[in-house]
Amino acid sequence: MSPGAPTDMSPTDSAVKLNGVTKIFTQWQRDNTGKSLLRNLLKPEKRVITALDQVSFEIRKGEFVAYAGPNGAGKSTTMKLLSGMLIPTSGSISVLGMSPQKQRCALMRSLGVLFGNRTELWWDHPVIQSFEWKKVVWDIPDALYRKNLAMVTELLDLGDLLNTFAREMSLGQRMRADLALLLLHSPALILLDEPTLGLDVMAKRQMIRFLKQLNAQAGTTIVVTSHDMDDLEEMAQRILLLADGKIAFDGSFAALRAELGCTRKAIVDFHNGARKEISYQDTNILLRELSRLEGIANVSFTQMSLEEGLANLFVKWRNAPEKLNSYVKADQHVR
Amino acid sequence: MADRITLKRIIKLLAISAKLDLTWLLRDAKLALLAIGGDIVNNVAIASGVFLIAARFGGIGDMSADEVLFMLAYSTMITGIFALFGSGNNIHISRIIGRGQLEHLFIQPLPLFTQLVTSGFAPFTGGGNLIVGICLMVIAGKRLDLHITPWWILSLITYLLTTLVTIIARSYFAASAAFYAPVAAEEISSVAIDETWFLSTFPLGGMPQAIQIPLLTILPEGLMAWYPSLCLLGKSPLHLTAYYPMLYALLIALAARAVFRKGLRYYVTRGSNRYVPYGFRR
């Protein structure tokens, strides 16, 4: 890549910037009739799918962002656009101040990409061999390689796995090794597409803990997609919610909970058999409320899960798409 | 982390591919040696069959038995070089395209060309045929009493590279179909490459021009060993120029480049709706 190659943005502290990005795909269509078969021979019927529709957002360096949405919302498409695997139909994309399409090679030195259902490990070689391959292909200096190898070995508990052949590892072990491989060149930005897919509770906990630590201590910018909202809420500080190819929400998880009505509830049972429900966000407010009440026999707490709230919301959007825009950038101030 | 692709960097990339090849071989050396041995026996058998026919009948077409041996040596060397540099599906490229695995290449900080040139280098598992081919070439050269000069060796290397370019270009030309039909065309490179081997060990000298000409143009089997061998022996066939294989290689390489780039553009615009995890990393 020539040093003078054009970039899509000015140098800022922005890690990712999408400006009016649209990505359109076409899908083949055919019903099961002979007439349709013949018609498709002459003129194939295609449907236009807008995977991303004028999407704009910015992620600053050091942020840990969850990129969520239902199946087919455009999450993986965004990840592929950011990592230069696809080019947008329109709009501009900047990743670490570079264009993924025009400056792919230079960008890949600072970017780490991991798809949960894929591996970059060499299948018939021990893990350490894949690490050595990466060192050569990424041209990682010796000192940096040794430092990062020691770091990932310790933090991801890879000691016993380094000499194990990739094909003989469990899914959780393989994901840890893949994550370690991803980090060997000290990427400034990490894109993780469904990294916890298929992992058991233990492996998931370990991965989440590690990612949080990486973000907090090394300041690595992380963008992660997942269907598991609990995982995302635990990991990320900010959520970008995608629905039908549009950014439907951009803000904190607390703001999303409030938006969805997923507030916590205290259910108070009284000695006289009466029951009262108190919705609250702040525990101090709840305690004040409770102190005013008399004759309390029992207090129990419930909370609607984010997933439940989102499921309701997605159904609402599907039935009335015009309502979608009312949630857009509902909580911009938290950025 | 330099951006430029220097010779030193290429050598390092070839070296890591070679190391991976060696460690793969040594993982289960018994089975690997059996496979390599079998491969060599297979190639020697193919060459022997044609040579024995030539020896029995005092040559085939316009070629003597020793000239046929020379041609077989050339063909075996081509097979050897192919196996030496093409062991990572980098020449059977339709597999990578059809399985949606190009994305693994996109995330490496190297130009695609560099990755494809260096990733299939397998001197330990793929070098056997080249050694057999060189041995056959030495035997044939002695029997033909060839006057070997540096210029002749340079010509041999040029013809070998030309033949290799023709094979690779043909594979990439056909493989471009996998951008549009990933499932149907996943193995199209294998078909294109295998076809080049079928007739490559048979001299086309005795055949009518109606067969020879298509085999030097549409399906260039005649350019795999027969035509270059005769050129190296100073007997350009069909009164054509000795530079014809180079011209053909250039044209098919340019055509393959154009078609492949168009397909690649289609791939990064439309994306692949198929991903198969096997066969990418050995």
Side-chain angles (χ1 to χ4, degrees), chain A residues 1-3 5 23-28 51 76-77 79-81 83-89 100-101 103-115 117-126 128-130 132-141 144 165-167 182 185-187 191, chain B residues 1-6 8-28 31-32 88 99-115 118-119 125 180-181 264-273 275-282:
Chain A
M1 188 58 58
S2 67
K23 183 66 195 170
I24 293 171
F25 293 107
T26 51
Q27 277 183 346
W28 284 38
S76 294
T77 299
M79 289 299 197
K80 287 183 177 182
L81 287 167
S83 49
M85 296 173 183
L86 283 175
I87 54 174
T89 308
Q101 286 76 42
Q103 294 164 290
R104 182 184 63 80
C105 291
L107 176 61
M108 289 310 151
R109 293 187 185 287
S110 312
L111 184 68
V113 187
L114 178 65
F115 286 85
N117 58 351
R118 302 180 185 190
T119 182
E120 292 300 322
L121 297 169
W122 285 77
W123 207 236
D124 269 328
H125 289 279
I128 191 72
Q129 194 90 56
S130 295
E132 197 188 337
W133 166 82
K134 166 127 185 185
K135 177 182 182 290
V136 175
V137 173
W138 265 256
D139 205 12
I140 305 170
L144 181 65
F165 284 72
R167 70 159 65 247
L182 173 92
H185 66 294
S186 296
L191 306 175
Chain B
M1 298 192 202
D3 272 321
R4 288 185 60 209
I5 303 298
T6 58
K8 191 178 163 192
R9 184 116 167 79
I10 297 275
I11 291 169
K12 275 186 176 180
L13 292 165
L14 288 172
I16 190 68
S17 292
K19 188 173 180 185
L20 286 162
D21 182 45
L22 178 65
T23 51
W24 184 80
L25 176 74
L26 297 179
R27 185 194 171 203
D28 191 343
L31 282 176
R99 295 170 187 169
Q101 295 167 345
L102 269 181
E103 289 163 5
H104 288 285
L105 308 189
F106 291 156
I107 61 170
Q108 291 180 35
L110 291 169
L112 276 186
F113 181 78
T114 309
Q115 292 182 47
T118 56
S119 63
T125 55
Y180 309 97
L264 197 59
R265 179 89 192 161
Y266 181 90
Y267 187 96
V268 295
T269 306
R270 306 288 183 96
S272 174
N273 53 10
Y275 179 75
V276 179
Y278 62 79
F280 177 64
R281 292 263 188 267
R282 192 159 69 174

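First the proteins, then the strands, lettered A, B, ... as listed; each starts at 1.
Using bins of under 30°, 30° to 60° and over 60° for the plane-to-plane angle, the ring pair A:Trp138/A:Trp133 lands in the perpendicular bin. In this structure, B:Tyr267 and B:Phe106 have perpendicular ring planes: the angle between them is above 60°, well past the 30° mark.
Only the side chain of B:Ile16 comes within less than 4.5 Å of a heavy atom of chain A; its backbone N, CA, C and O stay farther away. In this structure, chain B has a heavy atom under 4.5 Å from the backbone of A:Thr119, while its side chain stays farther away. In this structure, no portion of A:Lys135 lies under 4.5 Å from any heavy atom of chain B. Contact of B:Leu102 with chain A is not made at all, since no heavy-atom distance falls under 4.5 Å. Proximity to chain A is limited to the side chain of B:Gln115, based on heavy atoms less than 4.5 angstrom apart. Both the backbone and the side chain of B:Arg270 have a heavy atom closer than 4.5 Å to some heavy atom of chain A.
For chain B, the option among A:Arg167, A:Gln129, A:Lys80, A:Arg118 with the highest count of heavy-atom pairs below 4.5 Å is A:Arg118. The residue among B:Ala15, B:Pro111, B:Gly271 with the most heavy atom pairs within less than 4.5 Å of chain A is B:Pro111.
Here A:Phe165 pairs with nothing under the ring-ring contact (aromatic ring centres under 6.0 Å, His included) rule; sequence neighbours left out. Every residue two or more places apart in sequence or in another chain that forms a side-chain contact (heavy atoms from CB on, under 4.5 Å) with A:Thr77 is listed here: A:Lys23, A:Phe25, A:Ala51, A:Leu52, A:Leu81, A:Leu86.
By the 4.0 Å N-to-carboxylate-O rule, A:Lys134 lies too far from A:Glu120 to be salt-bridged with it.
Nearest heavy atoms, A:His185 versus A:Met108: NE2-O, 3.6 Å.
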